Amino acid sequence: MTSVALLGLGRMGAAMARHVAAAGHDLVVWNRTPREFEGAEVAASVEDAVVGAEVVVLMLFGPDSVREVLPEVVAHAPAGALVVDATTIGPQAAREFARTAREGGLRYVDAPVAGSVGPATDGTLGVLVGGAQEDYDEALPLLHLWGDPARVRRVGEVGAGSALKLVVNQGIGVLAAGLGEALALAGQLGLDRTAVLDLLGGTAYGWTLGQKRAMVEAGDYADTQFSLELLAKDLALAVDSAGDAELAVTRAALADAQAALDAGHAGEDYAAVVGHLADEGRADSY
Ligand SMILES: NC(=O)c1ccc[n+]([C@@H]2O[C@H](COP(=O)([O-])OP(=O)(O)OC[C@H]3O[C@@H](n4cnc5c(N)ncnc54)[C@H](OP(=O)(O)O)[C@@H]3O)[C@@H](O)[C@H]2O)c1
């Protein structure tokens, strides 16, 4: 049994915390906006959550939120505690946070997840870990609670998991924008939307449609799994991490996501970008 603090009870963090509680670990949870949670102690502050923790799991929005919370963790967690950062933050931030943790006497691995609320609930996420082998080994029993053991892997030193995660989400964002434009084109050509969706299901867009076709057909993106804000955050992280690579397509997908946010789709699932492009024409911001 391990003393675990899990910080961040959003869609993913709450699902992960339920696995930790069910496995019988000594779990304390915290969320910035006070939230009820069955099966674990709910702490009123980061300090209260981490003060007795052997492992501190972070599942926050992105690098800015981790940058806000981590100093409190460093100040109050016991020396030697292991920080498992499951937030999608990008490799530069992961290395920065590892330094912050190390300087405060803690250990750190980045462990972003692949898969959405369904796999988080089922405990079948992919987990991409960057960090020291011994820290990975120590984190593994916990990672197996929310991850499919066949898809939990150490991919390198700190930052490696976060780098791979950005590449994965670049594809998700580009596919969504491409699908939206394909539907916009089909609309301009007077094609039947259902027939087009049937055919596109057998193309590269089939992955996106497999998950989001019902939302796109209904034009209703309120059942958020992976929010449009998170997708925009990840595309911006990809662009910011790209060094000399121009990533023109990724920048365009980011502009599309931003345009959909500006058009009022904030809070909705990222599939809203497909509908926004399909129904309201191509974003004019790039
Ligand atoms: N949803 C997915 O399908 C999915 C899949 C893979 C990876 N991810 C990644 O997993 C992470 C969590 O995703 P999610 O879907 O659970 O997001 P979410 O539902 O939007 O939850 C975000 C969490 O971060 C907290 N937070 C935001 N800003 C904060 C700050 N400045 N200080 C402290 N806490 C802050 C929120 O607290 P409040 O309640 O107070 O706002 C909330 O607990 C993200 O990095 C995301 O990119 C998500």
Side-chain angles (χ1 to χ4, degrees), residues 5-19 29-37 40 42-50 56-73 83-91 93-94 97 110-129 143 146-148 151-152 161-173 176 207-208 211-212 215 221-238 241 254 257 261 265-273:
L6 191 146
L7 312 183
L9 296 174
R11 291 184 181 86
M12 299 296 281
M16 290 158 57
R18 279 191 280 276
H19 292 298
V29 294
W30 172 85
N31 197 62
R32 176 182 62 175
T33 307
R35 219 171 265 196
E36 290 185 3
F37 186 87
V42 178
S45 65
V46 173
E47 175 177 355
D48 288 350
V50 305
V56 178
V57 180
L58 305 179
M59 196 43 159
L60 304 172
F61 185 88
D64 293 343
S65 40
V66 175
R67 202 168 282 117
E68 263 184 64
V69 169
L70 188 59
E72 281 290 291
V73 175
V83 177
V84 175
D85 193 352
T87 318
T88 302
I89 51 175
F97 299 150
D110 55 313
V113 300
S116 194
V117 177
T121 305
D122 298 344
T124 56
L125 290 164
V127 186
L128 307 167
V129 184
L143 302 179
W146 56 79
D148 169 358
R151 299 178 61 228
V152 177
S162 297
L164 206 48
K165 174 65 186 166
L166 283 193
V167 174
V168 171
N169 279 22
Q170 185 270 358
I172 292 173
W207 185 85
T208 310
Q211 299 179 24
K212 305 297 179 185
M215 282 190 188
Y221 309 101
D223 182 19
T224 304
Q225 307 291 304
F226 178 47
S227 73
L228 190 55
E229 285 94 341
L230 287 174
L231 179 68
K233 179 258 299 178
D234 292 351
L235 290 172
L237 285 172
S241 303
L254 171 58
L261 283 173
H265 292 289
E268 295 184 346
D269 193 84
Y270 85 91
V273 74

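Just follow the structure's listing: the first ligand is 1, and inside any ligand the first atom is 1. Owing to the predicted nature of the structure, the values given are computational and were not obtained by experimental measurement.
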Could you tell me which atoms of ligand 1, counted from 1 in the order shown, lie closer than 4.0 angstrom to a heavy atom of Gly8? 43 (O)
When you look for heavy atoms under 4.0 Å from ligand 1, do you find them on the side chain of Leu230, its backbone, both, or neither? side chain
CH2 of Trp30 to CG of Leu9, rounded to nearest 0.5 Å, is 9.5 Å
The reported gap from CG in Asp148 to CG in Asp122 (rounded to nearest 0.5 angstrom) is 10.5 Å
Looking at non-hydrogen atoms alone, which of Glu229, Arg35, Gln225, Lys233 comes nearest to atom 1 (N) of ligand 1? Gln225
Any side-chain donor paired with an acceptor under 3.5 Å for Asp234 and Thr88? no
Rounded to the nearest 0.5 Å, how far apart are CG of Asp223 and NZ of Lys212? 8.0 Å
For atom 19 (O) of ligand 1, which protein heavy atom lies nearest, and how many Å away is it? Arg11 N, 2.9 Å
Test item: Phe226 and Asn169 side chains (from C-beta on) under 4.5 Å apart, heavy atoms: yes
State the CG-OG distance between Asp269 and Ser116, to the nearest 0.5 angstrom. 7.0 Å
Using a 4.0 Å heavy-atom threshold (strictly under), name the region of Glu68 that reaches ligand 1: side chain, backbone, both or neither. side chain
Check if Pro112 has a non-hydrogen atom at a distance under 4.0 Å from any atom of ligand 1. no
Please state which protein non-hydrogen atom is closest to atom 37 (O) of ligand 1 and give its distance, to 0.1 Å? Asn31 OD1, 3.7 Å
Measure the distance from atom 10 (O) of ligand 1 to every protein heavy atom, then report the residue, atom name and distance (to 0.1 Å) of the closest one. Met59 CE, 3.0 Å
Thr87 N/O to ligand 1 N/O under 3.5 Å: no
Residues in side-chain hydrogen bond (donor to acceptor under 3.5 Å, both in side chains) contact with Arg67, at least two apart in sequence or another chain: Asp64, Glu96
Looking at atom 8 (N) of ligand 1, what's its closest protein heavy atom, distance included? Thr88 OG1, 4.1 Å
Using distance alone, determine whether Ala86 and ligand 1 share an N or O pair under 3.5 Å. no
Nearest-contact summary for atom 5 (C) of ligand 1 - protein heavy atom, Å: Gly115 O, 3.0 Å
If I compare all heavy atoms of Gly173 with all of Leu231, which pair ends up nearest, and what's the gap? CA-CD1, 3.7 Å
Residue Ser116 vicinity, atoms of ligand 1 by number, heavy atom under 4.0 Å: 2 (C), 3 (O)
Could you work out, for atom 32 (N) of ligand 1, the closest of Arg32, Met12, Lys165 by heavy-atom distance? Arg32
When you compare ligand 1 with Ser227, is there at least one nitrogen or oxygen pair between them that comes in under 3.5 angstrom? no
Protein heavy atom at shortest distance from atom 24 (O) of ligand 1: Phe61 N, 3.2 Å
Could you find the nearest protein heavy atom to atom 40 (O) of ligand 1 and give me its residue, atom name and distance? Thr33 OG1, 2.5 Å
Within the 4.0 Å heavy-atom cut-off, what Leu9 brings close to ligand 1 is backbone
Atom indices of ligand 1, in the order listed, that fall short of 4.0 Å to a heavy atom of Val69: 32 (N), 33 (C)
Residue pair Leu261 / Glu229, side-chain heavy-atom distance below 4.5 Å: yes
Heavy-atom side-chain proximity of Phe37 to Asn31 below 4.5 angstrom: no
Could you tell me, atom by atom, which parts of ligand 1 come under 4.0 Å of a heavy atom of Val113? 6 (C), 7 (C)
Using side-chain heavy atoms (C-beta onward) and a distance below 4.5 Å, is Asp110 in contact with Lys165? no
Flag the pair Val50 / Leu7 as yes when at least one side-chain heavy-atom distance between them is below 4.5 Å, and no otherwise. yes
Residue, atom and distance of the protein heavy atom nearest atom 21 (O) of ligand 1 read Gly10 CA, 3.4 Å
Pairwise side-chain contact, Trp146 with Val127, heavy-atom cut-off 4.5 Å (strictly under): yes
If the cut-off is 4.0 Å to any non-hydrogen atom of Leu60, which atoms of ligand 1 fall inside it? 11 (C), 12 (C), 24 (O), 34 (N), 44 (C), 45 (O)
